[in-house]
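Report on the structure given below.
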Amino acid sequence: MEKKITKAKVQSLEEEYQAYARRQASDVLQELKADENGISQDAREERLDTYGSNDLHASTKMHWWNFLLQSFTDAFIIVLLLLGTVTVIVEHDALSAGIIYLLACMSAGIRFVQDYRSYLDVEKLRNMEHDTVRVRVPDGSSWKETEMPVEELVPGDIEMIGSGDIVSGDLYLLASKDLFLSEAAFTGEAVPVEKKAGTDARNVNAAQLDNICLSGSTVASGTGFGVIIKTGRNSYLGHISATVDTSKQMTEFDRSLQKITKILITYMVVVVIFVLFVNGMIKHNWLEAFLFAISVAVGITPNMLPMIVNGTLAKGAQFLAKKKTIVKNMSAIQNFGAMDTLCTDKTGTLTADHIVLQRYLDINGKNSHLVLNYAWMNSYYSTGVKNLIDRAILEYGKSHDVPEFAGGYEKIDEIPYDFERRRMSVLVYNPGGSQVSRGDEGVLPHHGERVLITKGALESVLACCDKVRIDKQYIDIDDVDIEKIKQQAEELNKDGLHIIAVAARKSVPGVTDDNQFTAEDEHNMTFLGTVAFLDPPKPDAKDAIEGLYEAGVDVKVISGDAPVVVQHICHEVGLKEEGNVIDGTMLDGMDDAALSKAVENTNIFARLSPMQKKRVVDMLRKNGHVVGYMGDGVNDAPSLHSADVGISVDNATDVAKASSDIILLEKSLDVILDGVKEGRRISGNIIKYIKMALSSNFGNVFSVLIASLFLPFLPMMPLQILIQNLVYDFTQIAIPWDNVDPEFLKQPHQWTMRSLTSFMNVMGGVSSCFDVLTFLCLWFVLGFNSISMQSYFQTGWFVEGLISQIMIVQFIRTARRPIIDSHCDVRLAFASILGIIAAILIPYMFCSLPNSVFVALPYQYYIYLVIILILYSATIEVVKKFYIRKFGSWL
């Protein structure tokens with residue numbers, strides 16, 4: 001729900017940012033008492049006291065009383081509180097009202113304990129997730145780059161941003177290079193927009209200002225730095241968060257629960273009205289009928305549902321916490337269990353995530369130090385986020401003394417990597433010294449020379465070259481067999497090596513130290529050769545994939561790497577290679593109908609852009625699959641957000657972590673498999689309770705209606721119904737800890753109303769049949785068939801109804817034979833035994849009280865009770881077999 005915000009406030013906020021955008025950088029820095037070297041730690045601590053933590057949620061930290069109040073907001077608990085209040089006001093029955101209130105408080109209290117404990121556990125886990133920001137700090141007369149917690153960022157800090165970063169505070173841009181930001185959170189537009197330093201005098205909203213980068217925007221490509229002007233709740237995003245509801249988006253799991261709640265409440269209202277009028281008309285005691293109707297309403301209200309749902313999800317989060325997994329969205333645990341398709345990237349998931357440089361080759365396939373030196377310079381002098389390839393090149397170069405030959409240069413400019421060009425370039429300058437040669441491999445730039453160095457995907461680099469270096473000769477590319485270059489790369493790819501190409505250009509006309517260059521200058525370059533890397537498969541990846549297949553989860557690899565490389569790794573780890581590999585070009589040529597078929601028959605997608613990855617995920621979901629997506633890069637963010645379960649890792653880019661539901665502190669498919677099984681266990685226990693509640697409630701209500709029509713008295717006293725419900729609810733507390741049969745964990749499960757309805761009708765009907773059998777036994781066999789004997793009849797049905805409800809838990813919880821083939825958790829068994837004992841003892845404990853609704857039953861009753869319960873158990877097992885045969889599953 002939106003909070004009111006006046007037009008004047010909006011206008012004032014926009015004008016404040018427009019005023020910043022019009023000002024010169026020096027004026028902004030002066031106002032913030034900062035400079036381009038950053039601020040000291042002492043100044044930062046003072047400003048933290050003044051401006052507060054850079055945390056939008058700092059003002060919404062939850063206290064125990066927040067959870068206590070929230071625990072009473074569930075629809076079913078509100079219904080119980082209303083029924084209790086009506087009982088006091090209309091009937092003046094304090095005892096019945098007290099039991100109703102006790103039922104509400106018991107459910108709310110357990111939910112409070114579970115929710116608050118889960119909150120504390122999640123907070124502890126979130127403290128393990130270290131979100132940092134890169135800032136400048138003073139270092140003598142200059143500055144150095146350092147990382148610090150995002151929460152400590154303050155106005156006046158100089159934040160440095162690059163591809164994959166999330167802007168951590170509202171930032172006035174001081175310098176930029178091909179900087180493109182995604183501002184979908186503010187504008188709704190998915191296309192990144194360019195940001196650049198300088199003044200902007202336009203009267204547009206804050207997100208459209210060229211030199212303002214708003215907190216929460218994500219860097220699609222490029223680099224830049226700027227001074228922070230606002231943080232936390234004072235930021236533009238902070239103002240938006242204060243005026244709108246920021247609650248999480250509802251998942252399919254949440255929608256299913258909401259639908260079930262509406263159906264049950266509607267069902268309860270209809271039944272209560274019907275029971276009220278039937279008993280009022282037949283018995284002619286409207287007050288008694290009214291209280292009986294309220295008791296029936298309490299009896300058919302699954303008031304433990306919020307506790308069961310929250311308890312199972314909380315236990316799942318605690319289990320995953322032991323596996324070093326942060327659950328950001330609790331409902332995602334259940335979606336884990338329903339997941340039938342996992343889309344994952346290759347690097348770090350199937351491979352060891354430690355790329356090692358293997359070879360650096362010229363066009364003849366010989367090692368070339370010139371290729372290595374230029375690749376090293378490109379990686380070393382780039383200021384964007386260092387990816388695995390950059391780190392591998394730098395690590396290899398350090399161990400082979402490359403800095404000795406390629407260091408000491410000055411970077412003039414760069415064009416960062418983006419997913420359209422698929423290459424990045426740096427322009428470096430040799431400020432002095434003589435040319436350096438190494439063997440017979442040619443030379444690096446002479447004194448005063450500039451060189452533009454580009455590295456990236458082979459096809460992309462070749463596209464900007466017009467010459468090829470062969471044996472120190474520069475040959476026109478049209479006179480060279482390009483297929484030979486591609487064939488060399490393909491052979492390396494078949495061996496599982498990842499290939500990037502390197503090209504250079506000795507001078508860039510028109511470009512000076514003060515003049516930037518652009519992607520348009522990436523032409524007339526000379527192709528030098530390729531660098532090959534190996535990222536070996538993880539030792540446990542094959543077993544993990546086999547485990548996922550056994551669990552009914554199809555695995556699809558969606559990568560930006562070359563098809564041959566992806567195919568090689570997938571073969572090594574045992575991925576089912578169904579269909580042909582689909583690359584980005586093929587994907588663009590498919591309409592939705594063709595892609596809909598292709599995603600079902602293909603498991604390997606290569607050379608995909610971020611939006612192409614998202615398109616595959618969206619199509620799988622459109623085809624009815626529950627999709628999990630695992631990724632860690634900025635290019636994975638759209639897919640992480642679109643998937644039913646977005647899974648990232650602790651060392652992922654900020655935008656990837658922000659787009660995910662679950663964060664792994666260890667990137668492993670084994671952890672995913674654990675999450676799948678835990679999600680299914682949670683789903684199984686929730687569905688157990690819902691099916692128990694639906695079938696029991698439906699059967700009881702149908703039995704009450706039959707008894708109301710034919711008996712001269714109420715089939716059970718209102719107080720007996722309330723006590724019965726209280727004891728039964730007590731036995732359900734342990735359901736979140738219950739075991740789930742291994743076969744249930746082998747396949748994904750999705751909730752359907754058809755399944756719930758069919759189960760309710762079948763099992764509710766069986767329950768009602770044995771209630772009628774109990775009525776007949778009490779009336780005709782035991783002779784409890786007069787007004788004077790009504791207490792015996794009511795007590796008899798109380799005992800039978802309560803024991804049968806508790807027993808049915810053992811039969812519904814498993815598709816196997818209960819107790820013999822499937823054992824419940826010891827806590828559930830203990831609670832059930834206590835409940836059955838209570839059902840037998842309660843009549844004897846309270847029969848001597850004045851005006852008691854209970855009587856001591858004769859021993860003959862228990863003989864017939866045992867017979868009925870045995871027949872009931874045998875019938876359920878027979879019905880279970882027919883039900884599974886007809887509907888395919890039990891839960």
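Quick note: residue numbers are just sequence positions, from 1.
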Salt bridge (Lys or Arg N to Asp or Glu O under 4.0 Å) between R615 and D592, worked out: CA-CA 9 Å; R615 188 182 173 204; D592 286 350; 3.3 Å; yes

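- Under the side-chain contact (heavy atoms from CB on, under 4.5 Å) criterion, K494 pairs with E490, E491, V564, sequence neighbours left out.
- R680 pairs by the salt bridge (charged side-chain N to carboxylate O under 4.0 Å, His left out) definition with nothing, not counting sequence neighbours.
- Listed by chain and number, the residues in a side chain to side chain donor-acceptor pair (under 3.5 Å) with S758 are Y883 (sequence neighbours excluded).
- Annotation: side chain to side chain donor-acceptor pair (under 3.5 Å) contacts of D583 (sequence neighbours excluded): none.
- Using a distance-only test at 3.5 Å, with no hydrogens or angles considered, a donor-acceptor pair links the side chain of R621 to the main chain of S642.
- Of the inter-residue distances, the one linking I545 atom CD1 with L673 atom CG reads 11.0 Å to the nearest 0.5 angstrom.
- Pairs passing the salt bridge (Lys or Arg N to Asp or Glu O under 4.0 Å) check and including a residue from residues 740-750, sequence neighbours excluded, read E743-R816.
- Here the closest non-hydrogen pair linking K614 and P638 is CD-CB, 3.7 Å.
- To the nearest 0.5 Å, the span separating OG1 on T602 from CD1 on I558 amounts to 11.0 Å.
- Annotation: salt bridge (charged side-chain N to carboxylate O under 4.0 Å, His left out) contacts of D674 (sequence neighbours excluded): K323.
- With hydrogens and angles ignored, the 3.5 Å screen pairs no side-chain donor or acceptor of S695 with any backbone N or O of M760.
- At distances below 3.5 Å, at least one donor-acceptor pair connects side-chain atoms of D340 with backbone N or O atoms of V626.
- Contacts of N623 classified as side chain to side chain donor-acceptor pair (under 3.5 Å), with partners at least two apart in sequence or in another chain: S596, E600.
- Rounded to the nearest 0.5 angstrom, K556 NZ and L620 CG are separated by 6.0 Å.
- Panel note: side chain D165, backbone G162; a donor-acceptor pair is recorded below 3.5 Å.
- Listed by chain and residue number, K880 satisfy the salt bridge (charged side-chain N to carboxylate O under 4.0 Å, His left out) test with E877 (two or more places apart in sequence, or in another chain).
- Closest approach of I672 and M339 over heavy atoms only: CG2-CE, 4.3 Å.
- The local environment of NZ in K677 is sparse, with at most 12 non-hydrogen atoms from other residues, nucleotides or ligands closer than 6.0 Å.
- Of the options D644, T344, D636, T341, a side chain to side chain donor-acceptor pair (under 3.5 Å) to Y629 is made by D636 and by none of the others.
- In this structure, the side chain of E572 does not engage the main chain of P537 through any donor-acceptor pair within 3.5 Å.
- Every residue meeting the side-chain contact (heavy atoms from CB on, under 4.5 Å) condition with Q567, not counting sequence neighbours, appears here in chain and number order: E577, V581, I604.
- R422 places no side-chain N or O within 3.5 Å of a backbone atom of A457 that could act as its donor or acceptor partner.
- Across all non-hydrogen atoms, the minimal contact from G646 to S660 is O-CB, 3.4 Å.
- Atom CD1 of I687 sits about 11.5 Å away from atom CD1 of I812, to the nearest 0.5 Å.
- With sequence neighbours excluded, the residues satisfying side-chain contact (heavy atoms from CB on, under 4.5 Å) with V740 are R681, N685, K688, F744, L745.
- Remark: D661 CG to F336 CZ distance equals 9.5 Å, nearest 0.5 Å.
- Applying the salt bridge (charged side-chain N to carboxylate O under 4.0 Å, His left out) criterion to D821, with sequence neighbours excluded, gives R817.
- One finds the CD atom of Q612 at 5.0 Å from the CG atom of L587 (value rounded to the nearest 0.5 Å).
- In this structure, E550 has no side chain to side chain donor-acceptor pair (under 3.5 Å) partners at least two apart in sequence or on a different chain.
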